[in-house]
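Below is one structure; the comments refer to it alone.
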Amino acid sequence: MSKTTKSIWVFADYRNYFQNRVTLQLLAKANDLAPALDAEVCAVVFGCEVEEYVAEYIAHGAQKVLVAEDASLRHYSVEKYTVLMEKLARDYRPEIILIGATSFGREFAPRVAKRLGTGLTADCIGLEINADGNLLQIAPSFGGNLIAEILTPDHRPQMATVRPGTFQEIPHDNALQGEVIRLPLPRKLARDRLRVVAYERQPERVQKLEEARVVVCGGRGMASRSKFKKLFELAQLLSGETGATRPVVHAGWADEGALVGQAGKNIKPQILFSFGISGAIQHTAALTDADFIIAVNKNPNATMMKMADVAVVADANQVCAALIKGLKERIQSKSAYSD
Ligand SMILES: Cc1cc2nc3c(=O)[nH]c(=O)nc-3n(C[C@H](O)[C@H](O)[C@H](O)COP(=O)(O)OP(=O)(O)OC[C@H]3O[C@@H](n4cnc5c(N)ncnc54)[C@H](O)[C@@H]3O)c2cc1C
């Protein structure tokens, strides 16, 4: 690959290939931006046995794929990947690097930006090339109350992260051609300070939280992991999904994928149950498309209660338990009737 041709890089977050397809969405956006810069679109893949991904990226619009392949890169390692990305960016000088705002991308992108001494805009909802040929990075700010337009005019690369689902991917096209460039590994890759003992895939969600028609969301008011678990049962009985606030995710009662809010997912359910949630702007910014909200809180003055269509002043655990009991009885009586 010529080091003088302008290029837009997309970091290949292929853990999400079967899930949110953010890499493919970023390749599509990079293809949108490329003509204005006369740039080529390049996917950057680190890993081991990545052939099928490389082919997939070409079929989704990557004109070049830079591949660093080694057994030591099989699993995501923020330290190794940062060292590699920094070295490649210094060698090849891309104009733009786009990274998915996944849990890994959020950890990885700021480290790369810091090492390269450049800016980074997180969670962009729009990307354009302005009249000066700079990347206009459009991102929500102040809990979604403002939309900021951010430029990085003096430093390169221009870096942005984008949440899964923000852009549409280009349909898979086997006729597309791309060049694959295999990179030699630097002699010294960073040694991980973390020792990975095992990998375990979390159970797949039945449906995407962002698309669920019923969402049962819980906050710190649920009081403990075992009590929070009851919300999963309630969501299942309602054929819905479970969401959580940040303190809940930090406490490990729910996984990162359940986070609803500025740092997590936007949801648009027909019915949202909100248990023991105060209603901080960083959480409620993601609820503006919810049709009907039922909030349960001990405090009638909580913001969440004011936002709700139905506000129940009660203990969240008791209401949750009563709903589960009532729904189970209903299901049982229905099946007894049909027997
Ligand atoms: C940059 C930034 C980004 C952030 N991003 C997010 C985000 O994406 N998502 C997010 O959720 N937060 C986010 N936060 C955190 C946010 O500001 C709040 O701290 C968080 O949403 C509060 O969570 P909570 O409502 O569960 O907890 P709390 O604010 O502690 O509220 C607990 C509620 O439970 C009620 N309660 C207590 N006991 C009971 C009971 N037995 N029964 C019923 N009710 C009870 C209380 O009255 C209270 O209203 C972010 C913060 C920052 C600074």
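First listed ligand is number 1; within each ligand, the first listed atom is number 1.
- Between F108 and F11, the ring planes are tilted. Angles from 30° to 60° get that label.
- Closest to atom 18 (C) of ligand 1 by heavy atom, among A280, S278, C320, is A280.
- Each of the atoms 7 (C), 8 (O) of ligand 1 lies under 4.0 Å from some heavy atom of Q262.
- Considering each of A316, G264, G221, A244, the one bringing a non-hydrogen atom nearest atom 37 (C) of ligand 1 is G221.
- The backbone N or O of E49 sits less than 3.5 Å from a side-chain atom of E69, completing a donor-acceptor pair.
- Scanning the protein heavy atoms around atom 10 (C) of ligand 1, the nearest turns out to be R246 N, 3.4 Å.
- Shortest contact from atom 33 (C) of ligand 1 to any protein heavy atom: G276 O, 3.3 Å.
- Within the structure, ligand 1 has A314 among the residues with a heavy atom less than 4.0 angstrom away.
- In this structure, D315 is part of the shell of residues with a heavy atom less than 4.0 angstrom from ligand 1.
- Residue-ligand proximity, G219 to ligand 1, at heavy-atom distances under 4.0 Å covers atoms 26 (O).
- In this structure a side-chain-to-backbone donor-acceptor pair under 3.5 Å is missing from Y57 to Q63.
- Ligand 1 has no N or O atom lying under 3.5 Å from any N or O atom of L259, backbone or side chain.
- When the shell of 6.0 Å around CD of E86 is examined, it contains more than 12 heavy atoms from other residues, nucleotides or ligands.
- The aromatic rings of F275 and F273 sit parallel, their planes meeting at an angle under 30°, below the 60° perpendicular limit.
- For T102 and D13, the side-chain atoms include at least one donor-acceptor pair closer than 3.5 Å.
- When the heavy-atom distances from atom 48 (C) of ligand 1 to N297, N266, N299 are ranked, the shortest goes to N297.
- The closest donor-acceptor contact from the side chain of R106 to the backbone of A263 lies under 3.5 Å.
- Annotation: atom 24 (P) of ligand 1 to nearest protein heavy atom, T245 OG1, 3.6 Å.
- In this structure, a donor-acceptor pair under 3.5 Å is present between the side chains of Q137 and T121.
- Among protein heavy atoms, the minimum distance from atom 30 (O) of ligand 1 is reached at R220 NE, 2.8 Å.
- Atoms of ligand 1 found under 4.0 Å from any heavy atom of V260, numbered from 1 in the order shown, are 7 (C), 8 (O), 9 (N), 10 (C), 11 (O).
- An N or O contact shorter than 3.5 Å links K298 to ligand 1 by distance.
- Aromatic rings of Y14 and Y76 (six-membered ring for Trp) have centroids within the 6.0 Å cut-off, being under it.
- Protein heavy atom nearest atom 20 (C) of ligand 1, with residue, atom name and distance: P247 CD, 3.8 Å.
- Side chain of N134 to backbone of N130: no donor-acceptor contact under 3.5 angstrom is found.
- Of the protein's non-hydrogen atoms, the one nearest atom 6 (C) of ligand 1 is Q282 CB, 3.5 Å.
- With hydrogens and angles disregarded, no donor-acceptor distance shorter than 3.5 Å links the side chain of K268 to the backbone of E211.
- Closest protein heavy atom to atom 8 (O) of ligand 1: A263 N, 2.8 Å.
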